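Taking it in order: structure first as structure tokens, then the write-up.
Remember, it's a predicted structure, so these values are computed and weren't measured experimentally.
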Amino acid sequence: MATGTEPHLNSGGVRTGTRAAIEAPHLRTDRWWLAPAATAAGLLAFIVYSTWRAFANADYYAAPYVSPFYSPCLAENCEPMRAGPNWELFGSWWGISPAIIILIFPLGFRLTCYYYRKAYYRGFWMSPPACAVAEPHKKYSGETRFPLILQNIHRYFFYAALLVAGILTYDTVLAFRDENYEWGHMGLGTLVFLANIVLIWAYTLSCHSCRHIVGGKLKHFSKHPVRYRMWQWIGKLNARHMLLAWASLVSVALADFYVYLVASGVFDDPRFF
């Protein structure tokens, strides 16, 4: 096929003088823009909500529930939580919301996640906006330069995410108490926390780094049957990594919102027993 030399093809990126002589910027006739637009809208909604709640520094604890945005609470200005994850590592000098401290780790894990990279690269940067649709950028350096080269620390955020998931599991166990800290009770919030922690663990363990840690660098699976079985199991989760990424993002926001509603007095937590 002949190559085009029209002026509009010399705007940079793949639209150069060596590009095939096709007038249209792409040949897709479907609503290809719908998926990246929906992705951007969903991520933006979570960013706005989580930013509001992180800086609110209020209505994040209603016994026995603590918002996952504020756990563990590492500042001295935390609201006291009986038997909860109150670790006052930061003294009285920390004056802003304690959620800012801990959210760095789950945020860093999701920000460097392989799926989320694809999601916000396409949704916000149009790099590329969709399959078979050229991106508008003149240059492409991948993740070899600052700041995107920092995406390579994803594995270390995965270790931090394991710790955070463990703490949220502890919070879920504490949710089997009532408002007087008596054990053996279950409320609607308990179910919310149970659903959230299951999705958090499923998303965390479906991570590509987790799959590589479990089964990577093995030359003979037959000599490592336990790791091979774990690798297979994690591989099944990994196939649903995108779904788990969105489901856990929604669940952690809903868990925080539920605590906010109870703590602010909108309604009392319904108790089953």
Side-chain angles (χ1 to χ4, degrees), residues 39-40 42-57 60 66-75 78 85 87-90 94 96-125 127 141-172 196-214 216 234 237-238 240-257:
T39 298
L43 293 177
L44 186 61
F46 181 81
I47 291 171
V48 171
Y49 173 79
S50 59
T51 301
W52 165 58
R53 287 294 293 141
F55 282 95
N57 196 17
Y60 59 84
V66 56
S67 164
F69 288 178
Y70 286 81
S71 183
C73 219
L74 301 180
C78 292
W87 306 328
E88 299 176 358
L89 301 181
F90 289 71
W94 185 268
I96 61 176
S97 172
I100 306 301
I101 306 172
I102 192 61
L103 281 180
I104 294 174
F105 301 104
L107 177 62
F109 178 57
R110 290 183 183 267
L111 195 64
T112 59
C113 165
Y114 293 111
Y115 165 70
Y116 279 114
R117 292 188 215 179
K118 166 193 169 183
Y120 65 79
Y121 284 178
R122 287 187 170 187
F124 294 113
W125 297 345
S127 180
S141 60
E143 296 174 338
T144 61
R145 298 180 182 179
F146 183 84
L148 295 185
I149 195 173
L150 296 178
Q151 302 281 29
N152 293 318
I153 63 176
H154 176 61
R155 170 175 290 195
Y156 302 102
F157 275 119
F158 166 72
Y159 298 138
L162 286 178
L163 178 61
V164 172
I167 294 170
L168 295 183
T169 303
Y170 176 70
D171 293 339
T172 303
N196 178 56
I197 196 57
V198 168
L199 290 172
I200 289 292
W201 273 114
Y203 165 65
T204 303
L205 295 180
S206 70
C207 169
H208 296 73
S209 290
C210 179
R211 188 168 182 260
H212 178 72
I213 291 170
V214 171
I234 292 174
L237 283 178
N238 182 258
R240 295 171 175 80
H241 192 51
M242 179 181 74
L243 176 62
L244 293 172
W246 279 106
S248 61
L249 193 72
V250 172
S251 71
V252 73
L254 287 178
D256 170 81
F257 188 62

(Q) I'd like to know if the side chain of N196 and the backbone of A255 have a donor-acceptor N/O pair within less than 3.5 Å. (A) no
Rounded to the nearest 0.5 angstrom, the CG-OG distance for N238 and S209 is 10.0 Å
Nearest heavy-atom approach of A40 to G123 is CB-O, 3.6 Å
Separation between CG (L163) and CD1 (I167), nearest 0.5 Å, reads 4.5 Å
Side chains of D171 and S71: do they bring a donor and an acceptor to under 3.5 Å? yes
Would you call the rings of W125 and Y121 parallel, tilted or perpendicular, where under 30° means parallel and over 60° means perpendicular? parallel
Exercise for review: Under the side chain to side chain contact (heavy atoms under 4.5 Å, CB included) rule, what do L107 and F157 come out as? Steps first, then yes or no, please.
Suggested key: CA-CA 9 Å; L107 177 62; F157 275 119; over 6 Å; no
Could you go through the side chain to side chain contact (heavy atoms under 4.5 Å, CB included) check for H241 and C113 one step at a time?
CA-CA 10 Å; H241 192 51; C113 165; 3.3 Å; yes
- Measure from NZ or CZ of R110 to the centre of the six-membered ring of Y120, then state whether that distance is under 6.0 Å and the direction lies within 45° of the axis. no
* Asked: Counting N and O atoms only, with roles assigned by atom type, does the side chain of Y70 sit under 3.5 Å from a partner on the main chain of N57, one being a donor and the other an acceptor?
  -> yes
Here the gap from R117 atom CZ to L148 atom CG, rounded to the nearest 0.5 Å, amounts to 9.0 Å
Original post:
Just wondering, are more than 12 heavy atoms of other shown residues or ligands nearer than 6.0 Å to CZ in F124?
Top reply: yes
**Request:** Please work out which of the three classes, parallel, tilted or perpendicular, describes the rings of Y114 and H154, given edges at 30° and 60°.
**Result:** perpendicular
Taken to the nearest 0.5 Å, the spacing of L244 CG from C207 SG works out to 11.5 Å
- Task: Indicate whether any N or O donor in one side chain lies under 3.5 Å from an N or O acceptor in the other, for T169 and W201.
- Result: yes
message: I'd like to know whether CZ of R240 has more than 12 heavy-atom contacts from other residues, nucleotides or ligands below 6.0 angstrom.
response: no
F46 and V252: side chain to side chain contact (heavy atoms under 4.5 Å, CB included), yes or no, with the steps? CA-CA 10 Å; F46 181 81; V252 73; 4.1 Å; yes
Check step by step if side chain to side chain contact (heavy atoms under 4.5 Å, CB included) holds for F55 and I100.
-> CA-CA 7 Å; F55 282 95; I100 306 301; 3.8 Å; yes
Here the pair of heavy atoms bringing A54 nearest to A99 is O-CB, 3.8 Å
When rounded to the nearest 0.5 Å, the distance separating SG of C210 from CD1 of I234 is 3.5 Å
To the nearest 0.5 Å, atom OG1 of T204 lies from atom CD1 of I197 at 8.0 Å
Item to complete: For the residue pair P72 and I102, establish whether any side-chain heavy-atom pair is separated by less than 4.5 Å.
Response: yes
Taking every heavy atom of G108 against every heavy atom of T112, the minimum-distance pair comes out as O-OG1, 2.8 Å
All heavy atoms of W94 vs all of A75, minimum pair found to be CD1-CB, 3.7 Å
- Message: Less than 4.5 Å apart, side chain to side chain, heavy atoms only: is that true for R53 and Y60?
- Response: yes
For Y49 and D256, does a side-chain donor sit closer than 3.5 Å to a side-chain acceptor?
yes
Closest heavy-atom pair, S251 versus L199, reported as atoms and distance to 0.1 Å, is CB-CD1, 3.6 Å
On a heavy-atom basis, the closest approach of T39 and W246 is O-CH2, 3.8 Å
ring-ring contact (aromatic ring centres under 6.0 Å, His included) test vs F109 passes for just one of Y156, Y159, Y116, Y203, namely Y203
Task: Residue pair S50 / F69, side-chain heavy-atom distance below 4.5 Å - done: yes
